[in-house]
Amino acid sequence: MLSILGRPLIGLRGSAGPFSKALVAMADALAKIPDVEIDPEGTFKYILVRVKVKDGDVHKDIVRGTKSAEYHNHIFEKVNPAMEALGMECKCLGGGKIEHNNQDKKLRVFGESTAFGKADHSVSVEKLKSTFSDYEITWSDDKK
């Protein structure tokens, strides 16, 4: 049973009061954030980000990557304000690179971020699989 401050939230969508309705609204907003947003082709930097409801424990991990980012923190500098506008908090869990071959339907995750450290590529791959279910997706701890 879900509870806040030791009080059960009976019927989350029912009449458990305004606090639980706000909690459900935030959880719904979190669920609407895409798990993955990456460039459609090429090799580029990516970050694994934990998005959390402000002042709450509900969270999810998302993958963001783009060729337009010279450094990993450039990706975070775009993601963080967008999530804050939705009432969320962000923490970068690490980064790396993604090689996206759209034609062959292959993704390769590797490397690390100098600023944020190495992301848990196995977690990133699971997120990628949810979006690119028909792709061959691999990862390694190699830097190249």
Practice task
Scan for salt bridge (Lys or Arg N to Asp or Glu O under 4.0 Å) pairs involving residues 68-81, sequence neighbours excluded, and state none if there are none.
Solution key: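 Residue pairs with at least one partner in residues 68-81: there are none.
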Handout entry: Pair listing, salt bridge (Lys or Arg N to Asp or Glu O under 4.0 Å) test, anchored in residues 43-56, at least two apart
Key =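 Matches after skipping sequence neighbours: Arg50-Asp61, Lys52-Glu89.
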Practice task
Evaluate the side-chain contact (heavy atoms from CB on, under 4.5 Å) criterion for residues Arg108 and Trp139: first the C-alpha distance (whole Å), next the side-chain angles of each, then the deciding distance (0.1 Å), finally the verdict.
Solution key: CA-CA 5 Å; Arg108 183 171 76 98; Trp139 67 273; over 6 Å; no
Handout entry: same_hphob_cluster(Leu93, Val123) at 4.5 Å side-chain heavy-atom cutoff
Key =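 Looking at the clustering, Val123 is in the same group as Leu93.
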Problem - ILVMFWY cluster, Val49 and Val36 together (side-chain gap under 4.5 Å) - result: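 No, it is not one cluster - the side chains of Val49 and Val36 are not joined through contacts under 4.5 Å.
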Exercise for the section: Test Cys92 against Leu48 for side-chain contact (heavy atoms from CB on, under 4.5 Å), laying out the working first. Expected result: CA-CA 6 Å; Cys92 185; Leu48 180 64; over 6 Å; no
Exercise for the section: Provide the full list of ring pair (Phe, Tyr, Trp, His ring centres under 6.0 Å) pairs with a residue in residues 73-92, sequence neighbours left out, each pair given once. Expected result: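 Only Tyr71-His74, Phe76-Phe116 qualify under ring pair (Phe, Tyr, Trp, His ring centres under 6.0 Å).
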Practice task
Please name all residues satisfying side chain to side chain donor-acceptor pair (under 3.5 Å) with Lys67, sequence neighbours left out, ordered by chain then number.
Solution key: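 Side chain to side chain donor-acceptor pair (under 3.5 Å) check on Lys67 returns nothing, list empty.
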Problem - Any residue meeting side chain to side chain donor-acceptor pair (under 3.5 Å) with Ser68, in chain and number order, not counting sequence neighbours - result: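 So Ser68 forms a side chain to side chain donor-acceptor pair (under 3.5 Å) with Thr66.
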Handout entry: NZ/NE/NH1/NH2 to OD/OE distance under 4.0 Å, Lys118 and Glu112
Key =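 A salt bridge is absent here (no side-chain N lies under 4.0 Å from a carboxylate O).
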Working to the nearest 0.5 angstrom, can you tell me the gap between [X] [atom1] and [Y] [atom2]?
X      : Y      : atom1 : atom2 : result
Asn73  : Asn80  : CG    : CG    : 11.5 Å
Phe44  : Ile98  : CZ    : CD1   : 5.0 Å
Leu107 : Ser124 : CG    : OG    : 11.5 Å
Ser133 : Leu128 : OG    : CG    : 11.5 Å

Check side-chain contact (heavy atoms from CB on, under 4.5 Å) between [X] and all other residues, then give those that pass, not counting sequence neighbours.
X      : value
Lys106 : Asn101, Asp104, Glu136
Ile33  : Leu30, Val51, Lys60, Ile62, Arg64, Met83, Leu86, Met88
Asn102 : Pro40, Glu41, His100, Tyr135

Handout entry: Which atom of Ser140 lies closest to which atom of His121, heavy atoms considered
Key =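 What the structure gives for the nearest pair is O-CD2, 3.4 Å.
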Handout entry: Nearest heavy-atom neighbours spanning Asp35 and Ser130
Key =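 Nearest pair, atom of Asp35 first, then Ser130: OD2-OG, 3.7 Å.
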Practice task
Apply side-chain contact (heavy atoms from CB on, under 4.5 Å) to the pair Phe110 and Thr138, showing each step before the final yes or no.
Solution key: CA-CA 9 Å; Phe110 63 100; Thr138 59; over 6 Å; no
Exercise for the section: Go through the steps for Val63 and Ile38 under the test side-chain contact (heavy atoms from CB on, under 4.5 Å), then give the verdict. Expected result: CA-CA 8 Å; Val63 173; Ile38 62 170; 4.1 Å; yes
Not counting sequence neighbours, which residues clear salt bridge (charged side-chain N to carboxylate O under 4.0 Å, His left out) with [X]? List them please.
X      : result
Glu126 : Lys129
Lys105 : Asp134
Asp120 : none

Exercise for the section: Decide yes or no for Cys90 and Val79: does some side-chain heavy atom of the first lie under 4.5 Å from some side-chain heavy atom of the second? Expected result: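 In contact.
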Practice task
For His72, enumerate each residue passing the ring pair (Phe, Tyr, Trp, His ring centres under 6.0 Å) test, keeping only those at least two apart in sequence or located in another chain.
Solution key: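 Expected list: none.
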